[in-house]
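Before any comments, here is the structure.
What you see is a predicted model; the values in this text were computed from it and never measured. Protein chains get the first letters and strands the later ones, always in sequence-line order, with residue 1 at the start of each.
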There are 2 protein chains.
Amino acid sequence: MSCETDTIETVRNSDQRMTPQRLLVLSAIRHSGEHININQIHAQVKKAYPIINISTIYRNVAVLKELRLISETYKTDGETLYEWIGDHTHMHMMCRDCNDMIEIDDKYLDSFKKDIRDDFGFNIDIDHLAISGLCKPCKQLEQVGYDN
Amino acid sequence: MSCETDTIETVRNSDQRMTPQRLLVLSAIRHSGEHININQIHAQVKKAYPIINISTIYRNVAVLKELRLISETYKTDGETLYEWIGDHTHMHMMCRDCNDMIEIDDKYLDSFKKDIRDDFGFNIDIDHLAISGLCKPCKQLEQVGYDN
DNA sequence: TTTGCACCTGCATTTTTTTGCAATAAGCAT
DNA sequence: ATGCTTATTGCAAAAAAATGCAGGTGCAAA
């Protein structure tokens with residue numbers, strides 16, 4: 001896989017080493033459908049490398065996040081999810097009632113980002129935010145007067 | 001303080017009770033300058049109520065957050081901060097290099113919120129997000145070719 | 001290929017956060 | 001005021017996450 005090669009280069013070019021453990025963490029995240037949490041990564045990596053320690057997972061995830069190869073999303077219910085940063089960057093909207101998450105293309109942020117850059121000089125990362133709110137169905141339930 | 005009265009009503013109207021512990025957590029957050037973390041809340045409450053348990057702080061913070069009296073912000077460096085939700089709602093931009101945080105008025109989100117509501121029916125909360133990015137000074141350093 | 005240095009790992013330990021449970025107390029109704 | 005129901009608390013214990021350290025290992029340079 002050539003994309004794997006890019007990844008390895010990215011890691012090496014930054015004074016970091018590509019260890020088997022790190023590679024496994026990386027591919028667990030990449031090959032999971034979309035979002036994956038620490039325990040799922042651990043379980044996945046264990047299949048190929050049973051003795052790996054959970055702290056190694058934590059530390060590798062921190063490194064990969066730092067390198068911006070993966071994104072970290074704090075769900076509003078507390079869970080932390082990781083995701084491969086591919087080309088279709090997006091953000092997350094999470095419903096505060098049903099906890100459902102929808103993905104929204106980054107293009108919606110374009111003008112917001114521009115305003116912030118113009119007025120504050122702050123350059124927003126197209127990082128993955130879990131923005132909380134009320135999804136359509138829950139909003140409708142609320143309007144019907146059906147409390148919670 | 002009449003505002004305190006409103007708060008107490010909010011709590012009572014939702015099947016929750018206003019205990020001395022809860023009130024102290026509430027005012028610790030309210031009277032802190034802006035952001036405050038769990039340990040700071042704990043330390044603050046202890047002054048008036050020395051035997052309070054840290055788990056009580058965690059649980060009260062969760063309740064107050066649920067009631068939307070306080071906001072919870074995950075900084076990109078991992079720290080979790082709490083803040084009283086007053087009238088001047090705002091969001092946070094945190095620099096991924098220097099970790100400095102700036103506050104930005106919610107009005108900047110208005111058109112973004114409208115777009116999301118129109119296209120997805122999702123109603124974004126004016127919650128406090130810590131959006132990561134590069135602040136002006138760090139961006140300039142980067143452009144000078146001064147790595148990290 | 002070999003060497004050397006700095007990064008990484010696993011393990012043990014500490015710190016932080018969550019949870020179960022019995023006792024307590026808030027606050028509504030009488 | 002008093003009693004009753006049930007949320008809340010403190011404590012202990014569990015679970016989750018972070019950290020220190022000594023030995024192992026990637027990998028660039030010789």
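- One can place CG of B/N60 at 8 Å from C1' of D/dT8, the figure rounded to the nearest angstrom.
- If you check the side chains of B/H92 and B/E34, you find no donor sitting under 3.5 Å from an acceptor.
- Sequence order on DNA chain D of the closest nucleotides to A/P20 and B/Q16 puts B/Q16 first from the 5' end.
- Using a 4.0 Å cut-off between charged side-chain N and carboxylate O, A/K107 and A/D105 make no salt bridge.
- Straight-line distance from the CZ atom of B/R12 to the P atom of C/dA25: 17 Å, rounded to whole Å.
- In this structure, B/L24 atom CG and C/dA26 atom P are separated by 13 Å, rounded to whole Å.
- C/dT15 atom P lies 18 Å from atom CD1 of B/I38, rounded to whole Å.
- Here the shortest heavy-atom pairing between A/Y74 and B/K75 reads OH-O, 4.1 Å.
- Within residues 39-59 of chain A, the residues having any heavy atom under 4.0 Å from DNA chain D are, by residue number, A/S55, A/Y58, A/R59.
- Atom CG of A/L64 sits about 8.0 Å away from atom CH2 of A/W84, to the nearest 0.5 Å.
- With rounding to the nearest 0.5 Å, the separation of CD1 in B/I29 from CG in B/L24 is 11.0 Å.
- Under the 3.5 Å distance criterion, the side-chain polar atoms of B/R96 are left unmatched by any main-chain donor or acceptor of B/T76.
- Judged purely by distance below 3.5 Å, without hydrogens or angles, the side chains of A/N37 and A/E79 pair a donor atom with an acceptor atom.
- The backbone N or O of A/I102 lies less than 3.5 Å from no partner atom in the side chain of A/H90, so there is not a single donor-acceptor pair.
- We find that CG of A/N13 is positioned 11 Å from P of D/dC27, with the value rounded to whole Å.
- Overall, the helix from C/dT1-D/dA30 to C/dT30-D/dA1 carries an axis bend of 40° between its ends, with five pairs at each end and the value rounded to 10°.
- Atom CG of A/D15 is separated from atom P of D/dA28 by 10 Å (rounded to the nearest Å).
- At distances below 3.5 Å, at least one donor-acceptor pair connects side-chain atoms of B/N123 with backbone N or O atoms of B/G121.
- Distance B/M18 CE to D/dT8 P: 10 Å, rounded to the nearest Å.
- The residue among B/T19 and A/R17 whose nearest nucleotide of DNA chain D lies closer to the 5′ end is B/T19.
- When the side-chain nitrogen and oxygen atoms of B/Q21 are compared with OP1 and OP2 of C/dA25, none of them lie within a distance under 4.0 Å.
- The distance between atom CD of A/E79 and atom P of C/dT18, rounded to the nearest whole Å, is 13 Å.
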